[in-house]
K.L.:
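Please read through the structure below; I'll follow up with questions.
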Amino acid sequence: MAKKRRSPQGYMAKPKPEPIQEAPPEEEETDDLVIENTSTTQVYADLPKWEHSLVDLTPEPVSERDLRDLIRDWRRGRATTNLRQVLADGYVTVFAVVIIVAMLGGAVWQAQAAAAHCETDACTVGRTLLPWVTMSAAFALTAMASRVFGPVVASAAEGFWLMDAPIRRGRLLWKRLVSVVLVVAGIAAAIGGLLAALTGYQLTDIWHWAVAMGVGAAALTAFAAAEQTWGRTWIISGIQWLLGLAAVAVLFVIVSVAAGWFGFTIPHIGAMWVVWVGVVGGILLIVGGAIALIRLGMIHRARLVSGGTLVSGMQGAAFAMDFGLMRDILVERAANTRGYVRPMRGRGVGSSALVWREVQRLWRYPRRIMLILASLVVPYAVGALGFNTFSPFISSLVLLIGFVPMLDSMRVMTRTKGLARTLPLSNPQIRKAMSTVPIGIAVVWALATAPAFWGIGTGAAVEDLPAAFTTAALTAAAGLLAAIRWVTGKSANYSAPMMQTGFGAMPPGLIFNLFRGIDIVVLVTGPMLLGWPWWVSAIIAVIVGIALSGFYSMEEMQAMQEDMQKEKARTGGAGGGGLFSPKPPPAPPATKQKIAPPKGYRTPPVIK
């Protein structure tokens, strides 16, 4: 029987359709169109074509208010909880706020009591000029934040479809500018009033300081918004540097009076001049705000979207409480703004090459050491205010902030394991090389600030110089170790089981990101605050240094433990290796197995 041949398409091939017979040509007349069927190949002929152009259409006017309300409904109308419910659930936060307010109230009460006994020139100058230092620093920080972020920003989605629409951009952005100015003014006013209260000012002067700092910060924000409409940043950057230098200069005056280099008295400078700061700030706020509101529609879309992208990235990092990631985003933004770097040839072999690279980076970016230089006057300023006991703790916190920019390479090596594996060095050697330059700077800082710690060693009124240098060295070590802990800390592990809190489920290590680095400062400087011997803090510092050196890595230990478990499972659960560990059972002897030939198989004859 002949085998049926399979078609090329397989068994499921469809039969070939029969040809369609041609219909006689006829004309069909309708109301709108006429189709002439002249042949089978011309079925769709002479169809009407709708020709139009969106460019030639006249755009209808759009109400920016209705569009803004619609966007607000999109964003807030689908929320399941409001802000009041979130705060009601966050009872832990409410409890923490109550405790912080109580602590600040106690600190203000003690400061007011101490101000009544402040009669020396050093104490009077310190109380009078320290709020001016804080005001200059707050204004410099406001100018820097306004220059980096915007202050007027837009999200990437808004920049994609909203900022190109035929609408008046200024009517969509004016509320954002006003809200940013009000928020900055409120924060600055709270800081100014609190600092004036802590330094012992009366109630009237506290109100003057609060209003002056709030109006001044709002004026700088409005002026930065006006500069943003022109796309310029060099003016606000210059103001930032001038305010920073003014803060350092005033700190130098406080230190000079406290050290006895020269002395003078300034009885009422705070009450007189702070009012003029508020007046000048109010004029700048009105002029800068008016210019910014008039020219809001002229801000480039790229400038708005870049600031919005930066804000969204910072919000994501803040949600994870990863301040290291927030700083990484800012560093990347600064590198993209700079856009270039001058290559330099390295020197040395092995660890010395990394050390030389750190020296080159310090020479290339000398601004990273500015905060370390500014922190030299912190112990003198704190001593001038009469808070000698808290000088190690406060100075260590400032050094923590100052040493973080100098440990960027260690952070890169810690986060990028693949890059660290390419180097012919172990993890402790890499960390040691990366921290050599900061260690040298910490030693110089301890030598320069040893006179400020005179008499802090055991809490006595007068102490010898070696004890003062020991206290300064431990303070510098606390700041450096805290910075190393801050840059080498890991982010929260979201794959681990979550922990239930008042705000919902959170990773177990997320809350500890808030205290990263501060815990090391408390551990090292805590015994000095309690009046314990200096060697207690020294032992704690050595233990923390060994723990942060990379000799004991939890990841490597976990990998070794997993390997041991795999080896244990392979050996049948007999335990690990060793001299007295049970041996695995011997393998049975190998035997030959004879395979029978299949049925019907005949042995071929042997040909002789």
Side-chain angles (χ1 to χ4, degrees), residues 62-76 83 138-191 211-240 243 278 280-315 318 333:
V62 178
S63 174
E64 287 81 7
R65 179 181 298 177
D66 296 340
L67 182 59
R68 189 170 56 248
D69 294 340
L70 182 60
I71 294 174
R72 185 183 298 110
D73 180 68
W74 287 346
R75 290 179 174 177
R76 302 179 183 178
L83 182 61
F139 287 171
L141 184 61
T142 303
M144 181 188 68
S146 300
R147 176 181 58 85
V148 172
F149 291 99
V152 184
V153 298
S155 63
E158 293 172 342
F160 177 74
W161 67 274
L162 186 59
M163 295 305 165
D164 282 344
I167 58 176
R168 286 164 288 192
R169 191 177 299 177
R171 293 194 175 186
L172 287 176
L173 300 177
W174 72 270
K175 278 194 174 182
R176 300 186 185 186
L177 175 60
V178 173
S179 61
V180 168
V181 170
L182 292 179
V183 169
V184 170
I187 295 175
I191 294 175
V211 173
M213 287 192 65
V215 174
L220 283 174
T221 306
F223 180 74
E227 289 294 310
Q228 187 183 4
T229 59
W230 276 288
R232 298 180 304 200
T233 57
W234 63 273
I235 297 179
I236 196 70
S237 180
I239 294 175
Q240 170 191 342
L243 291 171
V280 174
I283 296 174
L284 182 61
L285 175 61
I286 295 174
V287 176
I291 295 175
L293 289 175
I294 294 173
R295 293 178 51 88
L296 270 180
M298 302 181 183
I299 302 179
H300 295 289
R301 184 187 65 171
R303 187 70 177 89
L304 290 170
V305 174
S306 63
T309 304
L310 183 61
V311 170
S312 61
M314 298 290 285
Q315 286 178 349
R333 175 66 177 269

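If you're wondering where the values come from, they're calculated on a predicted model, not measured in any experiment. Numbers here simply count residues along the sequence, with the first being 1.
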K.L.:
To check you understand the geometry: which heavy-atom pair defines the closest contact between Ala218 and Ala185, and what is its length?
P.N.:
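Nearest pair, atom of Ala218 first, then Ala185: CB-CB, 3.8 Å.
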
K.L.:
Identify each donor-acceptor pair in which a side-chain atom of residues 230-239 lies under 3.5 Å from a protein atom, sequence neighbours left out, and give them as a table.
P.N.:
unit_1	atom_1	unit_2	atom_2	d
Arg232	NE	Glu227	OE1	3.0
Arg232	NH2	Glu227	OE1	3.3
Arg232	NH2	Glu227	OE2	3.0

K.L.:
Counting C-beta onward and ignoring hydrogens, is there a side-chain heavy-atom pair between Leu243 and Leu220 closer than 4.5 Å?
P.N.:
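Yes, side chains in contact.
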
K.L.:
With sequence neighbours excluded, what pairs up with Val180 under the side-chain contact (heavy atoms from CB on, under 4.5 Å) test?
P.N.:
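Counting only residues at least two positions away or on another chain, Val180 forms a side-chain contact (heavy atoms from CB on, under 4.5 Å) with Pro151, Val184, Thr221.
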
K.L.:
Restricting to non-hydrogen atoms, name the atom on Gly281 and the atom on Val215 that form the minimum distance, rounded to 0.1 Å.
P.N.:
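For Gly281 and Val215, the tightest heavy-atom pair comes out as C-CG1, 3.5 Å.
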
K.L.:
Between the main-chain N or O of Arg176 and the side-chain N or O of Ser179, is there a donor-acceptor pair closer than 3.5 Å?
P.N.:
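Answer holds: yes.
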
K.L.:
side-chain hydrogen bond (donor to acceptor under 3.5 Å, both in side chains): which pairs involve residues 282-298, sequence neighbours left out?
P.N.:
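Counting only pairs at least two positions apart or across chains, the side-chain hydrogen bond (donor to acceptor under 3.5 Å, both in side chains) contacts touching residues 282-298 are Thr229-Arg295.
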
K.L.:
Is there side-chain contact between Arg333 and Ser306, with heavy atoms separated by less than 4.5 Å?
P.N.:
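Heavy-atom side-chain distance check passes, below 4.5 Å.
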
K.L.:
Got a second to check how far Leu177's CG is from Leu182's CG, nearest 0.5 Å?
P.N.:
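One finds 9.5 Å between CG of Leu177 and CG of Leu182.
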
K.L.:
Mind checking the CD-CE spacing from Gln228 to Met298? Nearest 0.5 Å is all I need.
P.N.:
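Going from CD on Gln228 over to CE on Met298, the span is 14.0 Å.
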
K.L.:
Looking at Ala222 and Ala292, what are the two nearest heavy atoms and their distance?
P.N.:
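Scanning both residues completely, I find the closest heavy atoms to be O-CB, 4.1 Å.
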
